[in-house]
Amino acid sequence: MKKLEEIKGLGPKTIGLLKKLNINNTYDLISFYPFRYDLIKRSDIRTLNQDDKIIIDGRIENIPYVVFINRKMNKMTFRINTGNNLLNVVIFNRGFLKSNLPINTEVTIIGKYDKLHNNIIASDIKFGLIGNEDRIEGIYHSTYGLSGSKIKKYIDNILPDIDVINYLPESVTEKYKFMDKKEAVLEVHRPTDMKVLSKARESLKYEELFVYMLQMNYLKLQKNKKIGIKRDVDYSKVNKFIEELPFKLTDDQLKAVNHIYEDLTKSIKMNRLLQGDVGSGKTIVAIISMYINYLGGYMSAMMVPTEVLANQHLINIKKIFDKYNINVEILTGKLKKSEKDKVTKLITEGKVDVLIGTHALITDNISYPNLGLVITDEQHRFGVNQRSAFKDKGLDPDILYMSATPIPRTYALTIYGDMDITSIKTMPSGRKKITTLLKSEKEIMDVLELMYQELKKKHQIYVVVPLIEESDKLDMDWIEKVEEQLNRAFGKYFKIASIHGKMTSEEKTGIMNKFKSNDIQILISTTVIEVGVDVANATMMVIYDSYRFGLSTLHQLRGRVGRNDLESYCILISNKETKRLEILTKTNDGFVISEEDFKLRGGGDLFGVRQSGDMDFKVANIKEDYQLLLKAKEDSLEFLKQHKNYNDIKNIHLRELVIKTSDLG
Ligand code: ADP
Ligand code: MG
């Protein structure tokens, strides 16, 4: 494994871009697998459609003809004879090849078939007749400024002499006749055959799932052995606190509070997942938990995914805690140095009871003298491997994970095997149902009319435009197109703005704040409307091309509206997969929806969360590969039983992994 800086031909700019994709060394680079494959058929022209990919060989029929379009661009055209056909080939900026292409040269042309004009728009010419076989082409993710094909080239350059890390024990590799890891990696990048490729991908998927399940199983086996803090807290005090809240807790909230109270007052360590739809009222449960922890004499930390959320929680939590003289502070990466120093000092002096913050809580070099409880909002961003962050600080607090993407219990038990689970299934009463409508693109005028009705009521609207994976460019075009459309319709009277991946976080926060203060009425964004953000006056969500999302994601997105007692709407625009989307028009129950989502196959949408801490798999997908996951669960459990002493583990990478896991807990 080498550093990126050691690879020839990679400049600092490219390295920066690669790091954005979480590629930090040569091993990460070769583990950056194609997300999709194109099969380019040895082309029989008759079966091809307009713009199909084509690979075909033939002999040059006439002397290539080159024209210069401008100083930077030329266009070369010639004819080839494929044995059955004469075809015109057009290729840009290869004029320099002309002298190497006399009549009768054997070439293979790769490109796109323009059926209308019987042309091939070529992307490449190779010498010799090598187009006889089908070709499988891996398609890689890109990032702004770095195309997938460039990344492919970097990978290709280092591929032959790379060392791979293999975590699978021999017994498992033999059991399933898996491919050797290095062969599998080569196949995935340079596919030779669909069957072999599929086998290679299966080996790699299995390895990821095995590693994940091994950690889960290990932690699960240890769970009840972990000794935690035993707090001495009188429930009547907790009860009094609950009674003084401005609303009555739902039964599910009370049940959750009871579970947590039990955990915190018993000597077993808490590791609990609290799941419930957006708006089901998890925050207040978190607040009560922190109160219990405070009564027990300990500090609480609440970690949330974004700056915006941290600030929002601070306001809400302070409101409740101020009258109890509980000191609440915030710590985020954006604090000025003087502010940060102040908070840090208070923390070390033990004067902070409740600390709210972003990842800075664990990344900043701060020690917490009396930390008893850590709560993470949106648990998927804080995975097994981050738990060590607090352990590294010498702490072993109780942990409560909160998640707004409910998943069916059977899946939850497998995937979060080492946690206890509490679900909030009922919403606080008084909440209005979100009316969800499904519209085709043709009905866009209807949609605009509905939007206008809301705007007239001085309400605000979220518009979501899905991220298109293949290219950032398309993505921007799409957003701009929608923004233009909405500006044409409403721009005269209402303010419209968009948030997208290329903005800095200050720019995003700036726009979010304007939306909150109603200086912007329509907010357009890709999927990333900050999780959990609360703008009560936003009563409508419009989602373009909604078939691109999984049901759970759509359900989460629409949870952004309907945050008070105003009538709220979600409009799904789609020309495809309307049957699937219809489920959302029929129910508002996140548990039912996720159950359906699991039943229906396809779609790369895992619980609505892509970048999910531990579950950020490179090839595996928990939903699609669930059967494989179950096998990995069994095999890893068996493996742990057979290797009670981890010094017996022969595979050193695996041994290190188990040792690392034993430190987490
Ligand atoms: P979640 O974090 O689960 O998405 P929140 O905790 O943000 O949901 O709750 C959404 C809103 O509902 C908040 O404004 C909160 O004050 C309110 N709320 C929570 N519980 C109740 C309840 N039992 N009755 C009435 N309102 C509630
Ligand atoms: Mg919340």
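Every number for a ligand or one of its atoms is a count from 1 in the order of the listing.
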- Task: Would you check if there is a donor-acceptor pair between the side chains of T587 and D589 at a distance under 3.5 Å?
- Result: no
- Message: So which atom in I424 and which in F591 form the shortest heavy-atom distance, rounded to 0.1 Å?
- Response: O-CE1, 3.7 Å
- Any idea which atoms of ligand 1 are less than 4.0 Å away from a heavy-atom of D277? 3 (O)
- Name the option, out of P428, G279, P246, A404, that contains the heavy atom nearest to atom 10 (C) of ligand 1. G279
- Task: Using distance alone, with no hydrogens and no angle criterion, decide if E307 and T358 have a side-chain donor and acceptor under 3.5 Å apart.
- Result: no
- Message: Checking contacts here: is it the side chain or the backbone of I424 that comes within 4.0 Å of ligand 1, counting heavy atoms only? Could be both or neither.
- Response: neither
- With a 4.0 Å cut-off on heavy atoms, does S280 reach ligand 1? yes
- Item | Sub-4.0 Å heavy-atom contact, N316 with ligand 1 | no
- Query: Taking the six-membered ring for Trp, are F617 and Y212 parallel (under 30°), tilted (30 to 60°) or perpendicular (over 60°)?
  - Reply: perpendicular
- Query: For ligand 1, which atoms have a heavy atom of K248 less than 4.0 angstrom away?
  - Reply: 22 (C), 23 (N), 24 (N)
- Message: Under a 3.5 Å threshold, yes or no: a donor from one side chain and an acceptor from the other, between H313 and D377?
- Response: yes
- Item | Which residues share a ring-ring contact (aromatic ring centres under 6.0 Å, His included) with Y218, sequence neighbours left out | none
- If you draw a 6.0 Å radius around NZ in K340, do more than 12 non-hydrogen atoms from other residues or ligands fall strictly inside? yes
- Item | Side chain, backbone, both or neither: the part of Q253 lying under 4.0 Å from ligand 1 by heavy atom | side chain
- So the atoms of ligand 1 within less than 4.0 Å of a heavy atom of T283 turn out to be 2 (O), 5 (P), 6 (O), 7 (O)
- Task: List every atom of ligand 1 that sits less than 4.0 Å from any heavy atom of T250, numbering the atoms from 1 in the order shown and giving each element.
- Result: 23 (N)
- Message: Yes or no: does G276 have any heavy atom under 4.0 Å from an atom of ligand 1?
- Response: no
